[in-house]
Number of protein chains: 2
Amino acid sequence: MVTTVFGAEAGERRIDPYSAGCPTRRILDRIGDRWTVLIVGALGADTARFSELKRRVEGISQKMLTQTLRGMERDGLVLRTVHPEVPVRVEYTLTDAGLSLRAPLKALEDWSIEHLGSVLDHQASYDVRAAPEAR
Amino acid sequence: MVTTVFGAEAGERRIDPYSAGCPTRRILDRIGDRWTVLIVGALGADTARFSELKRRVEGISQKMLTQTLRGMERDGLVLRTVHPEVPVRVEYTLTDAGLSLRAPLKALEDWSIEHLGSVLDHQASYDVRAAPEAR
DNA sequence: CCGCATCCAAGAGGATACTG
DNA sequence: CAGTATCCTCTTGGATGCGG
């Protein structure tokens, strides 16, 4: 059984993120972490080696880059090619599945760009209202 | 300056998730956590009180529900209405901004449903290849 | 160059008990 | 009913050092 969260009228349904059959859980496991999203964005349609990716995704540690790329490879989102030279050269490319993720992620980014201002405004006024009496 | 991650040709650009101006960071801060996504889905177009939401979003603790709702209220995604009766009744509704999030999130869910099978297959074969010699 | 292993600090998040 | 406060555990993720 597949649990949809956003299909039709969502309100009436119970949502179990721990249900293995719930694809939403899968989305969140993979898309939920910032690095996967950023790597998809950083890779785009081209091929890049490890060190190049590390440079593009600013602030990522090598541990997280390795770990995230492994997860994406496991999920079939990214293709890893090892060129057995000395020193080793390893290249990463998005698979078709990985590429197809770009559209929905872009939709989220568009939403974000469109609403960023409004969100910041709300935050500011909320913080004023909830202020623990500035003194 | 606004940093786009998925606009046009992403590959060549450096991505700094820590840059305050990068909306992708904002998406991830809010959409990144599973609970926000699930609450948006659970609420949909209707109004629900706290306990009803807790029932719908299976597995969420009351602490996380409160905390996530507060964050969403602060961001202007959800409207919180307190009815000063005894006992108190508190109702939550998605704002227009919150409602508008449903479309991009649904796009992600659709992607997830479409690719779930392929992802599971990849995981299985990857795990076999990488198996530390079953013994 | 790529990446694994180890250690360690910080935060997320559950369980529980109490309040208006 | 709808939280707040406290405690405590488990995970996340950075830093560092080693190895093919």
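Protein chains get the first letters and strands the later ones, always in sequence-line order, with residue 1 at the start of each.
Counting only heavy atoms from C-beta on, B/Trp35 has its side chain closest to C/dG14 among D/dA2, C/dG14, D/dT4. You'll find that the side chain of A/Pro87 is closest to C/dC1, out of D/dG14, C/dG20, C/dC1. Checking D/dG3, C/dC2, C/dG3 against the side-chain heavy atoms of A/Ser51 singles out C/dC2 as nearest.
What separates CZ of A/Arg55 from C1' of C/dC1 is a distance of 12 Å, to the nearest Å. In this structure, CD1 of B/Ile39 is placed 11 Å from P of C/dG13, rounded to the nearest angstrom. When the P atom of C/dG3 is taken as reference, atom CE of A/Met64 falls 14 Å away, rounded to whole Å. Look at CZ on A/Arg34: it is 12 Å from P on C/dA12, rounded to the nearest Å. Rounding to whole angstrom units, CD of residue B/Gln62 and P of D/dT4 are separated by 9 Å. Rounded to a whole Å, the CD1 atom of B/Ile60 is 9 Å from the P atom of C/dG13. Separating the CG atom of B/Leu53 from the P atom of D/dC1 is a distance of 14 Å, rounded to the nearest angstrom. Rounded to a whole Å, the NE2 atom of A/His83 is 18 Å from the C1' atom of D/dG20.
For the pair A/Tyr92 and C/dG3, the criterion of a side-chain N or O lying under 4.0 Å from OP1 or OP2 is met. When the side-chain nitrogen and oxygen atoms of A/Arg89 are compared with OP1 and OP2 of C/dC2, none of them lie within a distance under 4.0 Å. In terms of phosphate contacts, A/Ser61 brings a side-chain nitrogen or oxygen within less than 4.0 Å of OP1 or OP2 of D/dG14. For D/dC1, the OP1/OP2 oxygens have no side-chain nitrogen or oxygen of B/Arg49 closer than 4.0 Å. Proximity of B/Arg80 to the phosphate of D/dA2: no side-chain N or O atom is located under 4.0 Å from OP1 or OP2.
The two residues B/Arg56 and B/Ala48 come nearest to each other via the heavy atoms NH1-CB, 4.2 Å. The heavy-atom pair separating A/Tyr92 from A/Leu43 by the smallest distance is O-CD1, 3.7 Å. When every heavy atom of B/Glu109 is checked against every heavy atom of A/Val5, the shortest pair comes out as OE2-N, 2.5 Å. Here the closest heavy-atom approach between residue A/Lys54 and residue A/Ile60 is recorded as NZ-O, 3.2 Å.
Between atom OG1 of residue B/Thr68 and atom CD1 of residue B/Ile39 there is a gap of 4.5 Å, rounded to the nearest 0.5 Å.
Of the N and O atoms on the side chains of A/Thr47 and A/Thr93, at least one donor lies less than 3.5 Å from an acceptor on the other residue.
Contact of B/Gln67 with D/dT4 (side chain to base): no donor-acceptor pair of N or O atoms is detected under 3.5 Å.
Each end of the helix from C/dC1-D/dG20 to C/dG20-D/dC1 gets its own axis from five base pairs, and the two axes differ in direction by 50°, given to 10 degrees.
Counting any heavy atom pair closer than 4.0 Å across all strands shown, B/Val88 reaches a base atom.
Residue-to-nucleotide proximity on DNA chain C shows that, of A/Val82 and B/Lys63, the 5′-proximal contact is made by A/Val82.
Atom CG of A/Asp96 has 12 or fewer heavy atoms from other residues, nucleotides or ligands within 6.0 Å.
Of the options A/Val37, A/Asp110, A/Leu108, a side-chain contact (heavy atoms from CB on, under 4.5 Å) to B/Phe6 is made by A/Val37 and by none of the others.
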